[in-house]
Amino acid sequence: MFNYILRRLLYAFPLLFGVNVLTFILFFIVNSPDDMARMHLGQKHVTEQAIDNWKQQRGYHLPLLINSEAEGVDSIKKTIFYQKSLRLFVFDFGNSDNGRNIGEDIQQRMWPSLAIALPSLMLGLILNISVALMMVLFRQSYLELSSIVICIVIMSISSLFYIIGGQFLVGKLLMLVPISGYDTGFNAVKFLLLPVLIAVVAGVGSGARWYRSLFLEEIEQDYVRTARAKGLTETQVLFKHVLKNAMIPILTGVVVILPLLFMGSLITESFFSIPGLGSYTIDAINSQDFAIVRAMVFLGSVLYIIGLILTDISYTLVDPRVRLN
Amino acid sequence: MLLGFKLRYFFLSCLLLVACSEQPLNNPYPQVENNEQAILYSSFSERPRHLDPAKSYSSNEFAFIGQIYEPPFQYHFLKRPYQLEPLTAKKMPEIHYYDDKGVRLSNKAAAKDIAYSDYIIQLKSNIYFQPHPALAKNPQGDYLYHQLSTPELAQLKTLQSFKQTGTRELIAADYVHQVKRLVHPQISSPIAELMKQTIVGLADYAETIKGQPRSALTKNEILGVKVLDKYSYSIRIKGKYPQFIFWLAMPFFAPMPWEADVFYSQQGLIEKNITLDWHPLGTGAYMLEENNPNLQMVMLKNPNYHDDFYPTEGEAGDKEKGLLKDAGKQLPFIDKAIYRLEKESIPYWTKFLQGYYDASGIASDSFDQAIQFTGDGELSLTDNMQQKGIQLQTAVMSSIFYMGFNMLDSTVGGKTEQARKLRLAIALAIDYEEYISIFMNGRGVAAQGAIPPGIFGYQPNEKGINPYLYTWQYGAAQRKPLEVAQQLMQDAGYAEGIDQQTGKALILYLDTAASGPDDRARLNWYRKQFSKLGIQLVIRATDYNRFQQKMQKGNAQIFMWGWNADYPDPENFFFLLYGPNAKAITGGENAGNYQNSEFDQLFNQMSNMPNNQQRQKIIQRMQAIIRHDSPWIFGLHPKSFSLYHQWYQNLKPNLMANNKLKYLRINAAEREQARQQWNQAIWWPVIALLIVLVLLIYPAVRSFQHKAKKTIS
């Protein structure tokens with residue numbers, strides 16, 4: 001298993017290099033260093049000299065990928081790509097174009113993102129599985145039919161509607177929680193209730209239907225018939241046998257997204273004014289801060305690769321028949 | 001059973017806690033913040049990029065640093081037209097003029113004879129900086145935190161981690177130090193290039209300081225900026241530039257102690273994001289206690305704030321409005337100001353209505369909720385707003401949004417009568433009154449010239465209308481009928497939009513940075529306005545950076561742009577049309593590359609004059625020239641609509657002052673009462689929903705239980 005993980009980690013390097021090059025090219029196709037300087041210097045009294053100074057200070061005066069004026073290794077080293085990207089591989093994100101330390105910012109902002117994402121994931125998982133089990137338990141009854149209809153209705157509505165509707169209903173009309181905002185420590189709870197509730201409700205349609213199909217697949221298996229023949233009740237069959245065997249796809253599906261929870265949710269954080277990494281990325285894109293965009297894309301890729309490796313490992317844990325080699 | 005009892009007990013306790021809580025459930029603030037101090041609650045939607053007074057140049061940044069940093073002069077809070085008065089200075093500056101041989105000239109000397117102007121500024125004594133670790137000293141008089149060791153740095157997380165703070169008196173050298181900072185390459189001040197051309201010796205100083213750390217700023221001196229004694233300094237500028245006084249009222253010229261640069265230059269602090277750009281150090285009425293722009297920014301009353309008093313006089317009507325109730329009282333009134341991050345307008349608006357923000361603008365989505373039109377077309381607050389005691393304040397901004405013609409263009413530009421008539425016809429066809437009504441809910445005023453209301457030289461009513469486009473009827477400016485524009489088109493050789501020489505339809509190109517989905521309706525509207533004259537308008541929408549590049553190269557034909565006043569002087573608007581500032585030629589701010597020798601000559605004359613009758617005459621002549629030549633379609637001056645709760649007092653629109661917070665007053669008890677009244681939680685829908693769920697599930701559960709108990713018969 002160790003060899004497998006090592007091999008997967010080594011594969012990650014060319015992958016991350018590719019992601020980096022792609023991000024770099026895409027970013028600089030849209031924005032030139034001059035554009036970035038103009039964006040940062042504001043709209044008034046921006047002279048060519050001021051733009052040159054800004055670029056010089058931040059190393060954007062160099063050529064993008066290849067420095068034709070330099071010789072030998074310097075033609076690669078004296079470029080924006082080399083100067084800005086190499087340190088990422090040791091997780092040194094450097095400073096944003098505004099001069100702030102990106103690593104510090106990420107450490108500070110990942111907690112609010114996690115504070116929404118983790119409870120949303122856990123509660124969502126519990127609710128989705130419970131609803132799915134209920135649908136299977138009461139299959140072919142009016143409860144299953146109405147649940148499917150409700151699930152499809154929930155799936156069909158945009159997540160933005162849930163956010164605005166939730167804020168309007170719970171925050172404005174019923175006045176049960178603050179409509180938006182965030183705070184530190186225990187005070188954060190009252191701000192998290194609504195976004196978590198919305199995330200859970202908005203996700204229940206697709207989640208419950210997906211788990212229901214997993215359970216229905218299992219419930220037709222021979223071992224279930226055997227369990228019933230042994231005289232087990234329907235609830236015992238469902239909770240002790242079907243749920244256990246359906247956990248393999250459920251767990252692997254969850255593990256792959258676990259690391260990405262750090263990255264936050266772009267829309268939810270923006271609407272609820274939650275200072276997480278999702279809004280950090282959006283702000284960086286809007287302000288053309290290449291240093292932050294590059295760091296966040298790199299971090300996202302690393303976390304995704306970690307997620308995939310963890311998924312593979314979790315396969316071996318939940319299903320002993322699977323071997324990593 | 002026991003578990004069930006415990007759960008029930010837990011839920012009952014929670015319900016009791018909620019029921020007994022004094023605070024409304026939707027209160028976004030901690031209990032401790034309420035009712036104890038006069039706290040202002042406001043918000044920001046975008047985090048300020050810079051809080052360094054040398055870098056900051058946008059209104060959302062000035063909202064913070066204007067309260068913290070004190071330039072020598074400020075705008076009078078109540079008087080109109082806007083007037084400067086001393087802030088940290090003892091009096092207004094003494095201005096001495098010199099010729100190119102260094103001989104002092106009289107104050108009445110002609111501008112052309114003046115080679116240099118000296119501004120001599122005397123400061124008040126006993127002004128102290130806010131408590132700050134950069135100024136902390138040990139008993140021996142050495143700075144405690146200027147050379148932190150690696151283990152010491154390791155223990156620090158934020159600026160609040162420093163155990164000791166210090167202060168010292170404000171001296172003239174602090175102002176001189178700030179002028180030096182404007183040209184340090186690491187700081188990248190937006191006005192560096194402008195000031196290099198203005199202040200004597202600053203360009204040379206910039207060369208000297210190149211490549212040196214900030215700590216070296218104290219080692220070299222600027223030829224034209226001198227400390228005269230502990231409390232006075234002088235700035236020498238090139239020629240005569242009366243508008244320089246306005247720059248001295250901006251945060252760019254606020255004092256900065258050298259200690260701040262030494263303290264914040266430590267690499268260990270920079271790595272922890274403890275920088276001057278993030279943690280200001282000033283003498284103002286407030287100091288930044290918490291800077292977490294991802295969440296909130298908190299300003300506290302500066303305990304070292306000097307004597308400063310509410311104005312005892314204002315303009316006519318201020319007393320009747322209650323704006324002089326606090327006359328002569330010590331400032332500031334508010335103890336703490338909390339600015340929360342609010343990115344979306346809907347939650348912000350809702351919180352304002354719930355009493356959790358003290359003031360609000362009006363987004364388009366909320367306009368109908370807040371404003372109604374009375375029978376005679378006047379605007380007023382809706383009944384709902386009036387019941388809550390909300391007050392409305394409107395003010396025409398010192399800004400202009402215009403449509404410009406590139407005067408270098410062969411079709412719409414140039415000095416020919418044909419091109420001029422074409423420009424005038426277009427100006428007449430674009431109905432800005434309609435635009436303001438459709439797209440701005442009436443929040444704007446159609447512009448009659450380059451100068452907005454409130455700026456010296458602006459003329460209201462009949463005298464101030466653009467006679468080429470408007471007539472004065474029924475006590476208001478009326479746009480001339482479209483037939484006049486069509487006649488102008490015919491005179492220009494483009495009858496019904498057909499070029500008489502080529503026989504082809506006239507196609508014009510509009511360059512704009514407005515490319516979002518929300519802009520589509522506006523751009524379609526512009527197309528329709530042009531089509532009234534038979535002109536086909538092609539929109540070339542792009543992002544703002546590309547747009548600027550196009551303008552720089554003079555590649556645009558027609559464009560839309562705007563300008564917000566730096567200071568209340570007509571020079572700050574007319575310079576956008578001054579020939580030597582042509583963007584495509586010299587890189588200046590004259591984006592349309594307009595050239596008119598008479599206008600340029602009058603501009604030079606007007607710029608150096610005090611506000612008097614003669615200046616007014618020249619301004620009117622300049623307005624007449626540009627109305628005739630029509631290098632711009634003057635567009636509109638936006639109007640700000642602001643709503644305030646009744647507990648928020650001493651409010652008067654002041655579009656120039658950055659340090660308004662110290663004059664404002666909050667009645668915290670009244671606010672608390674209103675919040676309690678307006679925010680009673682409603683529980684019954686939640687209970688009803690739970691009952692419905694139970695009623696839905698119960699029959700199924702019963703049926704399942706019945707099925708499970710059934711035996712094979």
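In what follows, chains carry the letters A, B, and so on, assigned in the order in which the sequence lines appear, proteins first and then strands, with residues in each chain numbered from 1. The model shown is predicted, which means the values in this text are computed figures rather than measured ones. Values below: every heavy atom of this structure, side chains too, minus hydrogens, waters and symmetry copies.
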Does any backbone or side-chain atom of [X] lie under 4.5 Å from a heavy atom of chain A? Answer side chain, backbone, both or neither.
X: B:E46; value: neither
X: B:P190; value: both
X: B:V686; value: side chain
X: B:L295; value: both

Name the option with the most non-hydrogen atom pairs under 4.5 Å to chain A; the candidates are [options].
options: B:I697, B:D566, B:T275; answer: B:D566
options: B:L341, B:T350, B:I270; answer: B:T350
options: B:Y57, B:Y348, B:W278, B:W678; answer: B:W278

### Query
Is there a donor-acceptor pair closer than 3.5 Å between any side-chain N or O of B:N273 and the backbone N or O of A:N101?
yes

### Task
Could you tell me whether the side chain of B:E342 and the main chain of A:S180 form a donor-acceptor pair under 3.5 Å?
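Checking the backbone N and O of A:S180 against the side chain of B:E342, no donor-acceptor pair under 3.5 Å is found.
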
Euclidean distance, [Y] [atom2] relative to [X] [atom1], rounded to 0.5 Å:
X: B:Q552; Y: A:I51; atom1: CD; atom2: CD1; answer: 7.0 Å
X: A:D283; Y: B:R49; atom1: CG; atom2: CZ; answer: 10.0 Å
X: A:M175; Y: B:Q680; atom1: CE; atom2: CD; answer: 7.5 Å
X: A:R100; Y: B:I274; atom1: CZ; atom2: CD1; answer: 10.0 Å
X: A:L193; Y: B:L25; atom1: CG; atom2: CG; answer: 10.0 Å
X: A:R109; Y: B:N292; atom1: CZ; atom2: CG; answer: 8.5 Å

### Task
Would you check, one step at a time, whether the test side chain to side chain contact (heavy atoms under 4.5 Å, CB included) holds for B:R546 with A:D35?
CA-CA 8 Å; B:R546 299 264 179 285; A:D35 296 344; 2.8 Å; yes

Atom group of [X] that falls short of 4.5 Å from chain B, counting heavy atoms:
X: A:Q56; result: neither
X: A:Y182; result: both
X: A:L169; result: neither
X: A:K190; result: side chain
X: A:N286; result: neither
X: A:F138; result: side chain
X: A:F272; result: neither
X: A:S270; result: both
X: A:L174; result: both

Highest number of heavy-atom pairs under 4.5 Å with chain B: which of [options]?
options: A:L194, A:I164, A:V170, A:I179; answer: A:I179
options: A:T184, A:L137, A:I274; answer: A:L137
options: A:Y280, A:F271, A:W54; answer: A:F271

### Query
Does the pair A:M134 and B:V701 meet the rule for a side chain to side chain contact (heavy atoms under 4.5 Å, CB included), with working shown?
CA-CA 10 Å; A:M134 189 196 74; B:V701 173; over 6 Å; no

### Message
I'd like to know whether A:L176 forms a side chain to side chain contact (heavy atoms under 4.5 Å, CB included) with B:W683, so could you lay out the CA-CA distance, the side-chain angles of the two residues, the decisive distance to 0.1 Å, and finally the verdict.
### Response
CA-CA 8 Å; A:L176 297 173; B:W683 283 103; 3.9 Å; yes

### Message
Are more than 12 heavy atoms, taken from residues, nucleotides or ligands other than B:Q267, located less than 6.0 Å from that residue's CD atom?
### Response
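Count over threshold, so yes.
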
### Query
Of the non-hydrogen atoms in B:Q354 and A:K172, which two are nearest, and what is the gap between them?
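Looks like NE2-CA, 3.8 Å.
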
### Note, B:P699 side chain near A:Y142 side chain (heavy atom, < 4.5 Å)
yes

### Query
Do B:R340 and A:S273 touch side chain to side chain, with heavy atoms closer than 4.5 Å?
no

